[in-house]
Each structure stands twice: as C-alpha cells, then as structure tokens.
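One structure below.
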Number of protein chains: 2
Amino acid sequence: MQRAILTVPTLTRYCNELLILSIIGTGKKHGYDLARELEEQSDGFFGFNHGTLYPILHKLEKDGLIRGSWKQEGPRRKRKYYSLTAEGKKYRASLLQQWEGFFTHFRAIIGETAP
Amino acid sequence: MQRAILTVPTLTRYCNELLILSIIGTGKKHGYDLARELEEQSDGFFGFNHGTLYPILHKLEKDGLIRGSWKQEGPRRKRKYYSLTAEGKKYRASLLQQWEGFFTHFRAIIGETAP
DNA sequence: TCTCTATATATAGAAAGTCTACATAACTAG
DNA sequence: CTAGTTATGTAGACTTTCTATATATAGAGA
C-alpha cells in the first residue's frame, strides 16, 4: 500500500496548510485577517502565532499554491492579499482526501469516545 | 473559552501518545510488538520509527502514564512489557475528549470532502 | 556450522517546524 | 498626542520527529 502523506509526523504541517488554504478558498484574505477568521470560526480553539503564519504563507506562495498581491489601502497602508491558484485548489483537494484516510485509520485504532 | 491542549501545534505529539496508549490499553505490549500492531491495524497507513517510539515510551513511563516491566523470555532474551496505569487511563480519556473537540472545529473550517 | 534475516531495545545527531520575542509602521479612538 | 489595534516580517530558542548506528538474541536455510 502507498504510504499516505498525511501520517502523524507530518500532521501538524498539513493541518496548518489545510486550514489556511480553506480560509483563503472562501475569498481573498490577507494574513492578519486570516488568523482572526480562524480564531473566530473555531470559537478560539485554533489560533496562529504570527511568527508561524507568515512563513507558511511565504512558503505556499513560493510553491505556487497561493498568489499574493500587495494592495494600496488608504494613503500609506498596504496589505498583502492572497488567493488560491489552480494548483492550490488541487493541492487542497488532495489534502482533504488524505485527511479522510487519516481520520478513518486513526479512529479505528483509538476507538470510540463514549464517556 | 479555555484553550484546548490538542491544538494544531501539539497535534503530532498527542496523536502519537493516543495511538500508543490505545494499543497498550488492549493488553500488555512491548515496544516492537506495539509498532507492528499499529502498522497492521492501519493497513500500513501508520508506522512508528523505532527512534521515535522508544523515547516516547520512556517519557510516558517517566510521567507515570504507563508501567514497564522487564520479562525474561527464553534463556537469554528479555522484553519490556508496558501496561496502562490508572493515571494513564485518565490521561487517555482526556486526550480522546480533546480529539473530539479538535475534529469538530477542524472539520467545520476545512468543510466537507465531497469529490 | 555459518550466515542472513527478523526480533528487540536504545541513543546520538540531523532535520523540520513551531513558539516566543522583537522590530517596524500605519491607523484609530479618546 | 498617546495608547491600543492593525499589519507584516524576521531571528533564535525550543520541541519533536527522522535517520543512522549500536548492540544482542532467535530462527531459518544452506
């Protein structure tokens, strides 16, 4: 059997990427806004450190999965907005599929969570 | 809201612990056997490197979550068998609960996986 | 007997990735 | 005009896994 990319050791990284790609997928976002939306949508459960978020965004952009463009806003303020590329959409779909596999296998081993 | 311990950054570690505690929970196991069972039960999806597994077992033992005891087997062969302590059972239950919370929030953000 | 493979435990150092803290700057409300 | 929020970014510490190596027993096959 082919070993999944979403094994436990790489889990953190792929989960972060999936969260980011999913939120960007709902419309153009800049980094700071993205972190806030993640926190709001999860009732504070998830939260990116900025020192974690920005390097991941840079990496995703370098890999061609998202496209960033600076936008002048106000007289001096600039924000960098990101959107998914076609490759990014494919990548997100593959991560979702991997996630399903992970969840199924993981759940089978850890058992049910009845109280 | 109280921040969960099973956030994305700590996910890998807690997943590994949960897998280990779950398999040990089904009966006394030694390390090598544990790795094999994990691989078999997940159809090869999961697999521990030995360099990862043994340090985790030592840490869990040091923290009083599992108890290890050497057992003479054959004339010269020794194996170290592990079993869950009462504290380990509680810890596993808390990890399971955290996992549920994680999954619910994560799924809400990444959306459905329809093809 | 000898050799190769599997079983079994363990550790050292490399590699990957996140976290904390800091740096910079503009906007906003009082 | 000052304090807090918005906004992006980097450096270095820290945590954890991964790869590779070391050691030793058991069993199968030539």
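In what follows, chains carry the letters A, B, and so on, assigned in the order in which the sequence lines appear, proteins first and then strands, with residues in each chain numbered from 1. The analysis underlying the following values was restricted to heavy atoms, covering all of them including side chains, and did not include hydrogens, waters or symmetry mates.
- B:Phe48 places its CZ atom 19 Å from the C1' atom of C:dT7, with the value rounded to the nearest Å.
- Atoms CD1 (A:Ile20) and C1' (C:dG17) sit 13 Å apart, rounded to a whole Å.
- With sequence neighbours excluded, no residue forms a ring pair (Phe, Tyr, Trp, His ring centres under 6.0 Å) with B:Phe48.
- Residue A:Leu53 contributes atom CG, which lies 16 Å from atom P of C:dG17 at whole-angstrom precision.
- Rounded to whole Å, the distance from CD on B:Glu17 to C1' on D:dT16 is 11 Å.
- Summarising the geometry, the separation between CD1 on B:Ile56 and C1' on C:dT9 is reported as 15 Å, rounded to the nearest angstrom.
- Using a distance-only test at 3.5 Å, with no hydrogens or angles considered, a donor-acceptor pair links the side chain of A:Arg92 to the main chain of B:Ile110.
- Applying the salt bridge (Lys or Arg N to Asp or Glu O under 4.0 Å) test to every pair with at least one member in residues 17-28 of chain B, sequence neighbours left out, gives these pairs: B:Arg13-B:Glu17.
- For B:Arg13, whose side chain is taken as the heavy atoms from C-beta onward, the closest listed nucleotide among C:dC27, D:dT16, C:dT18 is D:dT16.
- In this structure, B:Asn49 atom CG and C:dA16 atom C1' are separated by 14 Å, rounded to whole Å.
- Cluster annotation: A:Tyr81 is not connected to A:Leu21 through the hydrophobic network of ILVMFWY side chains, with a link wherever side-chain heavy atoms come within less than 4.5 Å.
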> With Watson-Crick and G-U wobble geometry limited to distances under 3.5 Å, how should the secondary structure of DNA chain C be encoded in dot-bracket form, using | for bases paired to another strand and [ ] for crossing pairs?
Replying inline: ||||||||||||||||||||||||||||||
> Where along nucleotides 2-10 of chain D does protein come under 4.0 Å, by heavy atom, of base (B) or sugar-phosphate alone (S), with - for untouched nucleotides?
Replying inline: ----BBBBB
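- In this structure, A:Glu87 has no side-chain hydrogen bond (donor to acceptor under 3.5 Å, both in side chains) partners at least two apart in sequence or on a different chain.
- The CG-P distance, from B:Leu57 to C:dA8, rounds to 14 Å in whole Å.
- Every residue meeting the side-chain contact (heavy atoms from CB on, under 4.5 Å) condition with B:Asp33, not counting sequence neighbours, appears here in chain and number order: B:Lys29, B:His30, B:Arg36, B:Glu37.
- Proximity of B:Asn16 to the phosphate of D:dT16: no side-chain N or O atom is located under 4.0 Å from OP1 or OP2.
- Residues A:Arg107 and A:Glu100 are not paired through a salt bridge, judged by the lack of any N-O separation under 4.0 Å between the basic side chain and the carboxylate.
- Between B:His105 and A:Phe45, the ring planes are parallel. Angles under 30° get that label, and only those over 60° would be called perpendicular.
- Atom CD of B:Gln72 and atom P of C:dA8 are 14 Å apart (whole Å).
- In this pair, A:Tyr91 and A:Tyr14 present their aromatic rings tilted. The plane angle is within the 30 to 60° band.
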